[in-house]
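Worksheet: one structure, shown below.
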Amino acid sequence: MKRIVRQLVLGLAGLLAGGIASAQLTTNDSKQEDKIRSLIRRMTLAEKVSLLHGNSKFYVSGIKRLGIPEWALSDGPHGVRAEINRHDWAYAGWTNDSATCFPPGTALAATWNPKLAYARGIVLGEEARFRKKDILLGPGINIIRSPLCGRNFEYMSEDPLLISKMAVAYIKGLQSKDVAVSVKHWLANNQETNRDAVDVHMSERALREIYLPGFKASVVEGGAYTVMAAYNKFRGDWCSENEYLDREILRKEFGFKGVLMTDWAAAHSTVKAALAGLDLEMGTDKKDYNEWYFADPLINAVKDGKVPVAIVDEKVANVLRVMITTKMLDDEKREKGKMNTPDHQQAAYNDAAEAAVLLQNNANLLPLDFKKIKSVAIIGDNATRRHCNGGLSSEIKSLYEITPLEAIQKKFGAAVKINFAQGYEKQSSFKEGNNAGQTSADKVDWKLIDEAVKVAKASEVVIVFGGLNHDFDTESFDKQNMDLPYGQDVLIREVAKANPNTVVVIIAGSPVKLSGIVQRVPAILWSWFGGMEAGNAVADLLSGKVNPSGKLPFTLPVSLDQSPAHALGNFPGRDLSVNYEEDILVGYRWFDTKKIVPQFPFGYGLSYTGFRIDNFSADKASYGKEETIHAKCTITNTGAREGAEVVQLYVSDPQCTVVRPEKELKAFDKIFLQPGETKTVELTVNVADLAFYDEGKKSWNVEPGDFVLHIGNSSRSISSSVKISVK
Ligand code: BGC
């Protein structure tokens, strides 16, 4: 109960604070712009350029005589990374840089609760400030295009609206603490294979409808202070020097007034990048920082007349604008931050608790009543494995991380006999840039299985903790397949034969194949990488103290070949080039349009209670193009436990001159309900948001005619639909 109350309080705080938002980056503040101009006037060319490139792994020089401090950057998206040596990648060995570790991106998105994203932003901002960081590199918001992308776990979803809602809340929370975000990776880092060479091609429509909206929302609504250019090329040009992306779209269309930085070692030129709008070069692999593209070569390019000094001034102004907005030049007034508070840990717990997705629960095996159970078998490497310190740049030196076994022992061990068996062994190993470690990862270890079967037979209930680890879900390479590694299918099959009361908990940050187990076990809970509070959250979910309310932020295919990029054979591309032929049909847009039945659909997730959606209506039958649709429904908790349901509004355009997805998510809300309680839910959709991107007209187009609004609790579970028309 205490937890629930606290959760409510935090939620309310987020809601209230949501209105406060962070200071906006603006060029309309004439005093600020005067200050920027006056500072620039007093700088030598060398001083200006010193602000535009790293002076170490994560710092940028300041200009002491002008009161401009050094700029401190840090990873990452779900916790403040431990301190790294200034001039190499080894950890600095500090003793005070252990941090709060949140569940990564897909888990956050699975909560479908932007208030939690806001609350996370606050915590990250406070911890970043405590560590005296000025920019925290995240959130990672690339579209989950393939189940195999190594960084899917850091990213959020296959759906641009879900990404946008979560990212905007995260950014507002974080930047309200005087820390800049760096929204990454701009753009189309949808695979790790050849990420630093691949040339990504997609239609203008796919760009506009699928790949840009998260970034646009982050900049325009979220007010992101910095953006990080991806490693890959886009339509032939590196993202860090891509005139179309960086100048035309980011600056001109989105009105971005902040800093565009490179990913680490993603710069490839001086003049081209400077003219295209890059501001800050980070991570280049040259020992002498003066040799970096945006160091001496930039000074020389100005002297040679190849880069106008006004372009350098524009970049310096962007840097200063972010510094001023985050109060770097006004330290007295700046947020001081705090670290590892109970509230921070509570926020990490809340995310893990709300993220878990109940995929299957036959005969209501879950929740388990640990007061009645005498013995439980806990099986699987993931019952005891800690994950916060993996994944590469997003790894966290977590203050602590509670494993599932530890939590179950602590919470129930006094009354229930816990029989542990390893079940399978982690056979892989991680080496940056080399996924050879995965190849031997599917051996069936009968000795471990026999032990597990023995333990399963001797226990009333079995919980298998399986899934992946950060040898698979990691920056730097992609998974080779979607399989559950290390012979887990066989292990689970044998254990379930020995004891039908088997629950499987999947710990993973990206889609894995469940077709080998769904028919064999009654209950499956997907609990993601759960951050520092992973074990506590999963134990509370299994015991029913917390009712699962997470929803899949991506489609879970039966097999890889169902998935669009793989069905069309264009992942990871050929000859260092990839063409997104599936176009706008990414994720459920593909599955629903092509009528392919996935294992579990986008937006799906069960609860220990039941919900009913009724009375769906729109406020009018016909709308003008400038109008807003106000849709309404009621939602009732039909069961005996409190719980939360995510009401999802999808829209179809049945008749259109271009192919449109069968349906697209246009609004959602997570509703918390007591047993028997009914609430009215109001969802709004701007008619303008029903548009498709018209390549012929080079603009958004809402064709007049009928549209259908659907209300439901997954892309494939629609309770009711209403037709509206647009004039
Ligand atoms: C990653 C970025 C990260 C940077 C700094 C790069 O390899 O792609 O996401 O922020 O390293 O660690």
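Atoms within a ligand are numbered from 1 in the order they appear, just like the ligands themselves.
Taking the six-membered ring for Trp and thresholds of 30 and 60 degrees, Trp526 and Phe554 have ring planes more than 60 degrees apart, a perpendicular arrangement. Between Phe153 and His470, the angle of the ring planes lies from 30° to 60°, which puts this pair in the tilted group.
Distances below 4.0 Å separate heavy atoms of His185 from the following atoms of ligand 1: 2 (C), 8 (O), 9 (O). Within ligand 1, the atoms closer than 4.0 Å to a non-hydrogen atom of Arg151 are 1 (C), 2 (C), 8 (O), 9 (O), numbered from 1 in the order shown. The ligand atoms of ligand 1 that sit less than 4.0 angstrom from a heavy atom of Phe58 are 5 (C), 12 (O). Near Lys184, the atoms of ligand 1 lying under 4.0 angstrom from a non-hydrogen atom of the residue are 2 (C), 3 (C), 9 (O), 10 (O). Atoms of ligand 1 found under 4.0 Å from any heavy atom of Arg81 (numbered from 1 in listed order, with element): 12 (O).
No salt bridge links Asp478 with Arg151; every basic N to acidic carboxylate O contact stays at or beyond 4.0 Å. Ion pairing of Asp97 with Lys397 is present here, as a side-chain N (NZ or NE/NH1/NH2) and a carboxylate O approach within less than 4.0 Å. Salt bridge annotation for Glu281-Lys315: absent, with no cationic side-chain nitrogen under 4.0 angstrom from a carboxylate oxygen. Salt-bridge annotation for Asp178 and Arg334: absent, with no side-chain N of the basic residue lying under 4.0 Å from a carboxylate O of the acidic one.
Under 4.0 angstrom from ligand 1, there are no non-hydrogen atoms of Glu192. Of the heavy atoms in Met282, none comes closer than 4.0 Å to ligand 1. For Glu154, no heavy-atom contact with ligand 1 is shorter than 4.0 Å. Contact annotation for Arg195 and ligand 1: only side-chain heavy atoms (C-beta onward) come within less than 4.0 Å of the ligand.
Of the listed options Asp196, Asp263, Ile84, Asp75, Asp75 places a heavy atom closest to atom 5 (C) of ligand 1.
Distance check, rounded to the nearest 0.5 Å: CG of Leu137 to NE2 of His185 gives 8.5 Å. Between the CG atom in Asp285 and the CH2 atom in Trp292 there is a gap of 8.5 Å [rounded to 0.5 Å].
For ligand 1, the polar-atom distance check against Trp89 finds no nitrogen or oxygen pair separated by under 3.5 Å. The distance criterion of under 3.5 Å between nitrogen or oxygen atoms is met by Tyr231 with respect to ligand 1.
Among all protein heavy atoms, the one lying closest to atom 7 (O) of ligand 1 is Glu475 OE2, 2.6 Å.
Annotation: Lys426, atom NZ; neighbour count of heavy atoms from other residues, nucleotides and ligands within 6.0 Å is above 12.
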